[in-house]
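The structure appears below as structure tokens.
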Amino acid sequence: AAVQAEPELTDGFHLVIDALKLNGIETIYGVPGIPITDLGRMCQAEGIRVISFRHEQNAGNAAAIAGFLTKKPGICLTVSAPGFLNGLTALANATTNCFPMILISGSSEREIVDLQQGDYEEMDQLAIAKPLCKAAFRVLHAEDIGIGVARAIRAAVSGRPGGVYLDLPAKLFGQVLDAAKGEASLVKVIDAAPEQIPAPSAVKRALDLLKSAKKPLIILGKGAAYAQADDDIRELVERSGIPYIPMSMAKGLLPDNHPLSAGAARSTVLKDSDVVLLLGARLNWLLSHGKGKQWGEPGSKKFIQVDIEPREMDSNVEIAAPLVGDIGSVVKVLLAGIDSSWPGVPSDWTSTINAKKEANISKMAAKLGKNASPMDFHGALGALKQVIKERPDAILVNEGANTLDLARGVIDMYQPRKRLDVGTWGVMGIGMGFAIAAAVETGKPVLAVEGDSAFGFSGMEVETICRYNLPVCIVIFNNNGIYRGTDVDPTGRDPGTTVFVPGSRYDKMMEAFGGVGVNVTTPDELKRAVDAAMDSGKPTLINAEIDPEAGSESGNIGSLNPQSVVKKK
Ligand SMILES: Nc1ncnc2c1ncn2[C@@H]1O[C@H](COP(=O)(O)OP(=O)(O)O)[C@@H](O)[C@H]1O
Ligand SMILES: Cc1ncc(Cc2csc(CCOP(=O)(O)OP(=O)(O)O)c2C)c(N)n1
Ligand SMILES: [Mg+2]
């Protein structure tokens with residue numbers, strides 16, 4: 001009798017991999033361990049690039065910024081409970097910043113978790129993730145993996161992008177299924193982030209308001225950078241002639257030295273403008289909630305807000321012309337409305353801005369270019385400003401307080417999505433995860449400008465950077481502390497709460513793993529060391545000695561700090 005052929009089988013491991021590959025996922029950022037160590041190995045064997053980190057928070061940050069850069073969900077893979085929790089900060093940060101990512105964590109079996117019987121790394125991860133992300137799903141049966149992965153992908157990138165949690169209990173991976181049935185259960189997501197066309201009535205309302213403006217302003221936010229509608233956004237600014245200011249991660253959408261950039265006259269345009277067009281920027285704390293003295297007389301502003309999220313409208317102040325839709329679609333119809341009927345922008349408005357801009361730029365220029373030692377922030381930043389001007393396709397990662405706030409104003413960006421920083425939360429610790437993903441996803445050289453404290457949150461990943469031999473040049477502004485390096489403990493028992501070991505040499509850390517370490521004390525030495533790193537493409541860490549007296553508490557946002565009015569007797 002003919003031998004019955006064994007039915008071809010598949011299993012949970014293979015279905016997860018097939019579902020990710022079917023949907024164009026090419027890279028996973030994670031930390032191995034039970035129950036997902038073999039999943040990572042099998043992903044690698046099936047051609048998915050797997051980048052293994054030293055801490056899940058950094059892998060999660062890498063996945064999040066990969067999502068921002070590619071508009072595909074970045075994937076972070078972790079073990080259960082503590083590994084899952086380590087990934088949660090990055091998942092919450094991604095959701096806050098509207099970056100699409102999926103945190104995939106192995107987990108314990110429901111029956112044990114729900115009876116709280118004390119499993120290895122037992123935790124009700126789905127319940128804990130839900131309040132911190134945009135959507136959360138769990139898959140219990142192998143035949144549901146296709147739908148589960150599809151739902152996670154669509155949730156991450158559709159509408160307002162954000163973080164999604166996908167919970168995969170350990171037993172799911174070993175579940176066996178007929179291969180043909182498995183294949184049929186997979187789902188390729190069609191049109192994951194559908195265009196959201198704005199209503200013609202909303203477009204007309206916005207254009208009428210914009211045409212009535214005597215002092216219009218455009219504010220470009222990271223939602224506009226994310227949209228990848230770069231040419232149309234540039235055309236909107238240039239055809240309308242409306243001055244603009246870019247929020248931090250929108251810098252470079254138009255080159256920062258663009259004639260219509262009002263970045264150097266920010267306080268003037270916020271105070272004196274009459275109609276403000278918000279393009280993928282929220283009126284949150286970063287824009288003083290759209291009210292207060294920074295915004296001039298109360299009621300002196302009319303806001304047009306373009307956002308894919310309808311509920312963002314009126315979040316802080318009344319929005320006179322809400323324009324709900326995806327930025328690409330909205331900018332296209334706005335452009336169509338800026339035709340021969342467009343009145344242009346009154347020249348006294350643009351000349352007022354230009355005068356203010358030139359004054360501020362020359363004031364700033366006087367602080368740059370001093371080749372002094374010990375270096376202050378402006379001396380060091382003047383050198384890095386020149387580096388980016390010469391190498392506009394390099395990606396700048398930036399975190400710290402003074403190191404962040406001053407770099408944002410000094411280092412001009414010339415291309416979109418090249419400045420990656422602490423975003424809406426102002427979170428420390430994104431540095432190395434962002435630097436690794438930027439290098440992996442784009443292949444471009446990365447310059448990470450780090451406060452010494454900020455670097456410390458993710459510094460162990462210098463080993464990861466060396467292991468994958470990534471073109472990352474880390475410059476640590478070593479002012480020996482948080483904000484400054486001068487605090488003392490009034491009792492004399494311990495160092496001050498915000499200072500570090502004096503004379504520390506972070507460059508030795510990079511040498512420990514085979515990278516290039518350099519110590520510099522002047523802007524000229526800094527420029528030479530960064531140029532050498534960029535030319536070599538080798539992992540490099542430059543310890544830039546900064547005067548410990550040079551910084552100010554909390555950079556530009558010291559006013560947010562509560563102060564005690566009670567003087568202890
Ligand atoms: N493709 C898109 N189209 C329209 N709006 C978008 C798109 N992607 C993100 N957004 C919106 O952009 C906004 C980004 O705002 P925010 O993070 O505050 O930017 P910034 O910090 O640069 O001001 C969010 O409200 C988000 O809903
Ligand atoms: C997760 C988290 N924990 C703490 C903090 C609070 C903070 C904001 S900025 C900063 C570091 C500032 O020191 P640094 O040396 O980096 O920069 P510089 O001013 O140039 O000396 C801290 C600790 C934040 N934002 N996030
Ligand atoms: Mg510091």
Side-chain angles (χ1 to χ4, degrees), residues 26-27 29 61-74 90 93-94 96-101 156-157 160-163 193 218-237 244-258 261 263 279-282 286 306-308 326-328 330-331 384 387-389 391-399 404 407-408 411-425 427 430-449 470-473 534:
E26 294 163 345
T27 308
Y29 301 90
N61 286 327
I65 208 66
F68 172 73
L69 290 168
T70 66
K71 299 181 78 174
K72 287 173 13 183
N93 186 54
T96 301
N97 283 280
C98 315
F99 298 157
M101 76 168 268
V157 296
R160 169 181 276 179
I218 291 175
I219 298 182
L220 299 173
K222 57 177 167 299
Y226 174 79
Q228 296 193 23
D230 307 338
D231 295 344
D232 282 350
I233 289 170
R234 177 162 191 159
E235 177 65 14
L236 178 67
V237 171
Y244 74 95
I245 55 173
M247 300 302 285
S248 191
M249 284 179 61
K251 281 168 63 80
L253 260 175
L254 287 85
D256 277 334
N257 60 358
H258 191 281
S261 165
L279 260 179
R282 282 172 287 197
L286 289 164
V306 179
D307 206 299
I308 202 161
D326 72 272
I327 292 231
V330 172
V331 171
L384 300 182
V387 168
I388 298 295
K389 187 174 177 137
R391 304 166 189 268
D393 65 349
I395 294 178
L396 179 75
V397 172
N398 186 210
E399 57 180 349
L404 173 85
R408 182 174 42 230
I411 302 180
D412 284 347
M413 303 309 292
Y414 301 89
Q415 292 175 17
R417 294 173 295 285
K418 293 289 184 182
R419 181 185 160 89
L420 310 174
D421 66 25
V422 300
T424 302
W425 259 354
V427 65
I430 52 91
M432 296 307 104
F434 280 21
I436 289 166
V440 166
E441 298 291 339
T442 72
K444 297 290 181 189
V446 177
L447 174 60
V449 181
L470 297 174
V472 174
C473 174
M534 293 264 147

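Position 1 is the first residue of the sequence; numbering continues from there. Since this is a predicted model, take the numbers as computed values, not measurements.
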Does a side-chain heavy-atom distance below 4.5 Å link [X] with [Y]?
X    : Y    : answer
P246 : H258 : no
V157 : K71  : no
I327 : I233 : yes
N398 : I411 : no
L69  : L420 : yes
P161 : Y226 : yes
I218 : L279 : yes
I436 : V472 : no

[X] to [Y] - nearest heavy-atom pair and separation:
X    : Y    : value
A66  : G74  : CB-CA, 4.4 Å
G328 : A229 : CA-CB, 3.9 Å
Y244 : P255 : OH-O, 3.3 Å
D232 : V331 : O-CG1, 3.5 Å
A250 : A225 : CA-CB, 4.2 Å
G423 : L286 : O-CD1, 4.5 Å

Give, for atom [atom1] of [X] and atom [atom2] of [Y], the distance between the pair rounded to the nearest 0.5 Å.
X    : Y    : atom1 : atom2 : result
C98  : I308 : SG    : CD1   : 10.0 Å
L254 : E235 : CG    : CD    : 10.5 Å
K418 : T442 : NZ    : OG1   : 6.0 Å
I395 : I65  : CD1   : CD1   : 9.5 Å
D231 : L253 : CG    : CG    : 10.5 Å
R160 : D326 : CZ    : CG    : 14.0 Å

Contacts of type salt bridge (charged side-chain N to carboxylate O under 4.0 Å, His left out), residue K444, not counting sequence neighbours = D393

Sequence neighbours excluded, which residues qualify as salt bridge (charged side-chain N to carboxylate O under 4.0 Å, His left out) partners of R234?
-> E238

Non-neighbouring partners of [X] that pass side-chain contact (heavy atoms from CB on, under 4.5 Å), sequence neighbours left out:
X    : value
A156 : P73, P100, I102, V164
A394 : I388, R391, P445, M534
A90  : N61

[X]: which residues meet the side-chain hydrogen bond (donor to acceptor under 3.5 Å, both in side chains) condition with it, sequence neighbours left out?
X    : answer
E26  : none
S248 : R419, D421
R417 : D230
E441 : Y29

Got a sec, which pairs hit salt bridge (charged side-chain N to carboxylate O under 4.0 Å, His left out) with one end in residues 247-258, sequence neighbours left out?
-> K251-D256

Evaluation steps, side chain to side chain contact (heavy atoms under 4.5 Å, CB included), between M101 and N93 | CA-CA 10 Å; M101 76 168 268; N93 186 54; over 6 Å; no

The ring-ring contact (aromatic ring centres under 6.0 Å, His included) partners of F68 (sequence neighbours excluded) come to F99

